[in-house]
Amino acid sequence: MMTVSTEIELRPVPGPRGLPLLGNLPAFGKDPLSFFSSLRDEYGDAVTWSLGSRPALFVAHPAHIAELMAEVEHTFEPGDVGWTFAKVCGESILRSRGAQWRRKRAMVQPTVRPKQVRGYATTMVECAQQRGNGWREGGRIDVGREMERITQRIVSRTLFGNDLGARADVLGESLSAIEWEMGAEVRSLRLFLPPWVPSAARRRLLAELAVVDEEVGRLVRTRRQAMDRGEEREREDLLSRLLAARDGQGQRLSSKEVRDEAVTLWIAGNGTSTTALTWTWYLLARNPGARTKLTAELQRVLGDRSPSFEDYESLTYTRQVIKESLRLYPPAWVIPLRAKAGARLGGHAIRAGDAVWCSQWVTHRDPRWFTDPLAFRPERWDGESTANTSWQTWFPFGTGPRTCVGARFAQVETALVLATLARRWHLEVDPGEVVPQAVQLLQPSTPVRATVRAAAPPST
Ligand code: HEM
């Protein structure tokens with residue numbers, strides 16, 4: 001990978017001329033991926049554009065992205081994310097700012113530290129195994145749907161242990177519907193609808209949310225009461241950890257705050273991992289050389305057994321496959337920020353309230369930082385440990401103070417799920433290109449369908 005120079009001439013910042021009032025909104029709404037790529041290709045690394053009547057700056061150079069992201073919570077803050085998002089996540093870590101955010105971050109982050117993730121690894125493998133046990137040679141599957149079932153089960157069990165029982169699927173279905181509505185809001189630009197408009201989509205969302213609130217509310221109440229009565233020892237799941245967390249003043253999260261964090265962890269962690277795994281299977285099917293190397297590693301490291309957390313570091317190529325998949329198809333494809341105050345970025349003046357956006361999709365596919373950028377080549381990460389990652393050019397989990405709290409969880413989860421399933425099964429994805437669609441996440445625009453084949457003689 002190439003190194004980055006911070007010396008970039010930025011003035012004057014060019015940009016495309018938009019329509020009166022709408023600015024560049026129509027072009028952005030039609031195809032955001034092409035829109036941002038063309039900004040970089042036609043105008044350069046820092047471009048002014050307009051989001052409706054609001055001026056915005058788009059930065060594509062890794063040096064600016066690093067500078068920008070390091071200043072989040074000081075000079076910049078996450079941009080507005082819409083009515084649906086606010087309803088679903090409440091006042092959680094994802095939606096808080098300033099002191100509130102620091103408090104939440106300090107309480108949520110310890111629940112997904114590497115030590116805790118180590119404890120969740122067994123669940124990750126078991127959930128993948130259970131699903132994979134239902135696959136049959138020659139069977140037809142919708143890869144995205146299968147991955148969703150697995151990640152939902154993982155998030156449900158790591159959050160709530162086995163408390164949900166058979167209700168896990170009911171909650172999962174409601175949360176899937178909610179995630180869909182969140183994506184639809186972005187896709188249709190309902191993002192700009194005033195909060196008081198009672199649209200059909202909003203009524204649908206509130207109905208699903210009522211199911212989620214009832215389920216999660218019941219779990220939080222029951223567990224809290226049991227913990228307060230001393231009938232319940234602290235369990236090894238996220239809910240217990242959230243209930244036990246204390247802030248700097250010794251205060252714990254209220255039941256509503258625990259609900260907000262639990263739903264946020266589900267929403268933030270489920271669709272992202274599902275999407276990452278779905279693209280990974282797609283890429284492996286299109287790149288038989290990489291698949292052969294993956295099979296060889298799985299046979300060498302695991303032989304006839306399923307993986308455990310202890311194998312994670314040894315599964316070097318598996319981790320590179322995931323890393324390369326996150327480069328080409330980053331589930332979070334854009335980071336929309338807003339200047340809290342007047343600022344300078346790479347020498348360019350920004351006014352308070354201006355939007356400043358950067359996109360993983362654009363920077364991850366830039367030939368200046370990645371040779372042959374459109375090729376799926378896990379080998380490009382040879383010799384790079386996760387710790388060595390250049391956060392400026394590869395940032396699927398963001399970077400800076402608000403970087404993804406679940407990054408370690410997600411990396412271990414995707415690698416172990418892939419290893420568990422790929423050891424036994426090969427997914428022969430149907431021919432034809434699957435085009436990505438940039439909604440809330442970078443999703444396949446059509447289902448990724450595959451025929452299941454045995455990768456090696458099944459051992460169980
Ligand atoms: C492949 C999977 C994932 C991807 C690509 C991803 C990506 C991201 C990105 C880009 C951000 C914003 C970072 C920034 O602004 O600098 C973020 C934030 C966040 N992610 Fe993830 N994420 C993934 C999985 C997870 C998982 C599994 C969890 C929970 C277990 C999670 C929880 C969160 C939370 C709570 C935040 C908000 C952090 C804050 O605002 O302080 N994510 N994630």
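Order of listing sets the numbers, starting from 1, for every ligand and every atom in it.
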Revision key, fill the gap. Taking only non-hydrogen atoms of W101 and a 4.0 Å limit, the atoms of ligand 1 in range are 39 (C), 40 (O), 41 (O)
Check your understanding: Between L243 and R223, what is the shortest heavy-atom contact and its length?
Key -> CD1-CG, 3.5 Å
Practice item. Check each atom of ligand 1 against the heavy atoms of L94 and keep those under 4.0 Å away; list them by number with element. Key: 37 (C)
**Study point:** Heavy atom of P396, distance to ligand 1 below 4.0 Å
**Key:** yes
**Study point:** Pair E73-W101, side-chain donor/acceptor within less than 3.5 Å
**Key:** no
Point to revise | Test side chain to side chain donor-acceptor pair (under 3.5 Å) applied to E261 - qualifying residues, sequence neighbours left out | key: none
Check your understanding: Close to atom 21 (Fe) of ligand 1, meaning under 2.8 Å, how many protein N, O or S atoms are there?
Key -> 1
Study note, to complete from the structure: Note: heavy atom closest to atom 12 (C) of ligand 1, options Q109, R408, R402, belongs to R402
Check your understanding: Can you list the atoms of ligand 1 that are under 4.0 Å from a heavy atom of L265?
Key -> 29 (C)
Revision key, fill the gap. Heavy-atom nearest pair, E148 first then S176, reads OE2-OG, 2.9 Å
Review point. Under 3.5 Å between some N or O of ligand 1 and some N or O of Q360?
Key: no
Exercise for review: Verify whether one side chain among R259 and S255 offers a donor that lies under 3.5 Å from an acceptor in the other.
Suggested key: no
